[in-house]
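Hydrogens, waters and symmetry mates play no part in the numbers below; they use all other heavy atoms, side chains included. A, B, ... follow the sequence lines: proteins, then strands. Residue 1 opens every chain.
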Amino acid sequence: MSLYFVQKLLYNLNREPSVQAQFKTDIDTLLAEYNLTDVEKKWLKNGDVGELYIHGVNGQILMHYAAFIGQEWDEYIQAMKDGLSKYGQVRDGIYKAVDDGHGGAV
Amino acid sequence: MALVFAGICSHGPGITGRAERADPALRDPFYAALDSLRQDIEESGAEALVVIAAEHFANFFMNNMPSFAVGMGEEYEGPIEDPDWLKIARTKIPGAPELSERIVTEMMQTVDLAYAKEWRMDHGIMVPLNFLTPRYDMPIIPANINCQGPPLAPLSRAYEFGRALRRACDLVPEKIAVMGTGGISHWPATPNSGKINEAWDREYLDAWAANDKARLLSYTDEDTLREAGQGGFEIRTLTAISGLCEGSKGTVRYAEPIPIFSTMCVAGVMDI
């Protein structure tokens, strides 16, 4: 997991209209600009908020990505809960230290 | 002139973005308390408003993250988020670059900070401005404290940031208002969003109102993370106001948990 580069891509996506446009029209070229693994590219292409959350993406970045791909607030929260249920506790990032990585699992 | 107003408030994006989902019995008195701050700022004759906010990965990333930053732009734009998501229309906001440069120069005598001539305001500043300067006609000086991406500057340095800002305000001829805006306990944008440790929050606010430096600086990040979530790191923005107003007492005008806003919603003022 190259958490830093996943978050950097999402940081740029949240800020830049040109990156948002490229995400929609030429996502493969965009993803190739970052040092991402194949599975990370898959999560980003598929809008897998649950995987991104349990692998440590900060919510201040992730919530805007979720809105960008069309998730309403409740869908976004549920996607993270589903991630915890399906894949287990948070493995990386700041939330790994919150509630021993189980934050929100109840 | 000097500091003419100092206060604190919450800034969660739900405060505007999910307004219709909040209990009006809680929401409307909170909005009224924010409006009382607006009236106080206007009556103070403030010529510029400094907003000490928490970085949310809007302007700075972990490739170059300042612990403290102050805007020196001529003009700003916000919100950086989707306006439909935040329910605040994107707008231009005037800056005060020459005043800001004088303030930054004085602050640098005792604290290290970054300055930024470009700044796009996120909910951390736009939500407060939506209530405090709704016509977006007051010059704004944005300031950020890194509360999001550890390692974080300790609380003692946030307090000193406030003290340095006070010294700078007292040196310039303009009338300056300052707002600190951040959450207390909260777990924003996570599955625990809406969880609030009310007892922890009230204890912090009690220390804030008493401006009890020893209590305010006694919080450790380890304890805060456990009891107040990662959002609790944002007490740095409120503790900076304590440093700004060292020796003064505060009044909390509103403090009630509003879970759909993801935080204890607060409006308070320092008696300066």
Side-chain angles (χ1 to χ4, degrees), chain A residues 2-17 20 34 49-50 52-54 56-86 89-90 93-106, chain B residues 12-14 17-18 20-21 54-65 77 79-86 90 118 120 122-124 146-152 183 185-195 221-222 224-234 259-262:
Chain A
S2 43
L3 175 61
Y4 175 84
F5 288 106
V6 172
Q7 294 190 112
K8 186 162 189 184
L9 184 153
L10 294 178
Y11 166 79
N12 289 330
L13 180 71
N14 293 340
R15 287 174 50 83
E16 301 299 338
Q20 293 163 9
Y34 296 82
V49 167
L52 293 168
Y53 173 68
I54 64 120
V57 175
N58 190 294
Q60 295 292 342
I61 296 173
L62 190 59
M63 69 175 171
H64 299 305
Y65 168 70
F68 175 74
I69 62 174
Q71 287 188 350
E72 297 293 333
W73 182 252
D74 291 345
E75 292 177 83
Y76 164 62
I77 298 294
Q78 189 59 50
M80 290 184 289
K81 289 181 177 177
D82 290 346
L84 287 164
S85 297
K86 287 169 65 178
Q89 66 193 56
V90 178
I94 186 70
Y95 306 132
K96 183 180 177 184
V98 178
D99 191 23
D100 294 325
H102 291 93
V106 291
Chain B
R18 297 187 290 278
E20 78 286 354
R21 297 179 61 179
E55 170 59 26
H56 298 120
F57 298 120
N59 288 282
F60 305 105
F61 190 65
M62 291 172 283
N63 57 340
N64 191 4
M65 176 64 75
E77 184 181 85
I80 191 169
E81 298 97 338
D82 181 350
D84 293 334
W85 181 83
L86 194 59
R90 192 161 287 151
E118 295 181 42
R120 293 163 69 189
D122 76 353
H123 67 269
N146 174 24
C147 303
Q148 196 62 236
L152 309 175
S185 73
H186 62 313
W187 289 255
T190 74
N192 270 328
S193 186
K195 177 181 175 182
D221 282 349
E222 184 180 26
T224 297
L225 189 61
R226 184 178 60 250
E227 301 294 331
Q230 74 285 350
F233 294 154
E234 291 184 359
I260 194 61
F261 293 169
S262 305

Participant: What are the two closest non-hydrogen atoms of A/R15 and B/N59, and how far apart are they?
Facilitator: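 Nearest heavy atoms, A/R15 then B/N59: NH1-CA, 3.6 Å.
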
Participant: With a cut-off of 6.0 Å (strictly less than), are more than 12 heavy atoms of other residues, nucleotides or ligands near CD of B/E20?
Facilitator: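 Counting other residues, nucleotides and ligands, CD of B/E20 exceeds 12 neighbours.
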
Participant: Can you tell me which portion of B/P150 sits under 4.5 Å from chain A's heavy atoms? Options are side chain, backbone, both or neither.
Facilitator: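 Interface part for B/P150: side chain.
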
Participant: A/W73 and B/A189: which non-hydrogen atoms are nearest, and at how many Å?
Facilitator: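 In this case the closest contact between A/W73 and B/A189 is CH2-CA, 4.1 Å.
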
Participant: Using side chain to side chain contact (heavy atoms under 4.5 Å, CB included), reason through B/N63 and A/Y4 one step at a time and then give a plain yes or no.
Facilitator: CA-CA 9 Å; B/N63 57 340; A/Y4 175 84; 3.1 Å; yes

Participant: Sort A/Q7 into side chain, backbone, both or neither according to what part of it lies under 4.5 angstrom from a heavy atom of chain B.
Facilitator: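 It is both, since atoms from each part get that close.
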
Participant: Should the pair A/H64 and B/H123 be assigned to parallel (<30°), tilted (30 to 60°) or perpendicular (>60°) ring geometry?
Facilitator: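 Tilted.
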
Participant: So for A/Y76, is it side chain, backbone, both, or neither that comes closer than 4.5 Å to the heavy atoms of chain B?
Facilitator: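 Interface part for A/Y76: side chain.
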
Participant: Let me know if B/F233 has heavy atoms under 4.5 Å from chain A in its side chain, its backbone, both or neither.
Facilitator: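 Side chain only.
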
Participant: Mark yes when over 12 heavy atoms from residues, nucleotides or ligands other than A/E72 sit less than 6.0 Å from its CD; otherwise mark no.
Facilitator: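 Open.
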
Participant: Which bit of B/R226 comes within less than 4.5 Å of chain A, counting heavy atoms only: side chain, backbone, both or neither?
Facilitator: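 Answer is neither: B/R226 stays 4.5 Å or more from chain A.
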
Participant: Quick check on the interface: out of B/A58, B/S193, B/G229, who has the most heavy-atom pairs with chain A under 4.5 Å?
Facilitator: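 Highest number of pairs under 4.5 Å: B/A58.
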
Participant: Heavy-atom distances under 4.5 Å only: say whether B/Q148 touches chain A with side chain, backbone, both or neither.
Facilitator: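 Both the backbone and the side chain of B/Q148 come within 4.5 Å of chain A.
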
Participant: Just so I know, are the side chains of A/N58 and B/M62 near enough to count as touching, which here means a heavy-atom distance under 4.5 Å?
Facilitator: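 Not touching, per the 4.5 Å side-chain cut-off.
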
Participant: Does any heavy atom of chain B fall under 4.5 Å from the side chain of A/N14, the backbone, both, or neither of them?
Facilitator: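 Looking at A/N14, just its backbone touches chain B.
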
Participant: I need the minimum non-hydrogen distance between B/P191 and A/L84, along with the two atoms involved.
Facilitator: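 Nearest heavy atoms, B/P191 then A/L84: CG-CD1, 3.8 Å.
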
Participant: For a 4.5 angstrom cut-off between non-hydrogen side-chain atoms, does A/Y53 reach B/T190?
Facilitator: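 The answer is yes, as the side chains (C-beta and beyond) meet within the 4.5 Å cut-off.
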
Participant: A/I61 and B/F61: side chain to side chain contact (heavy atoms under 4.5 Å, CB included), yes or no, with the steps?
Facilitator: CA-CA 10 Å; A/I61 296 173; B/F61 190 65; 4.1 Å; yes

Participant: Would you say that more than 12 heavy atoms from the other residues, nucleotides or ligands in this model lie under 6.0 Å from the CD of A/E75, or not?
Facilitator: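 Yes - once you tally the heavy atoms of other residues, nucleotides and ligands closer than 6.0 Å, there are more than 12.
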
Participant: Can you tell me how far apart CH2 (B/W187) and OH (A/Y95) are? Round to the nearest 0.5 Å.
Facilitator: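 Answer for the CH2-OH pair, B/W187 versus A/Y95, is 12.5 Å.
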
Participant: For B/D122, is it the side chain, the backbone, both or neither that has a heavy atom under 4.5 Å from a heavy atom of chain A?
Facilitator: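 For B/D122, neither part sits under 4.5 Å from chain A.
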
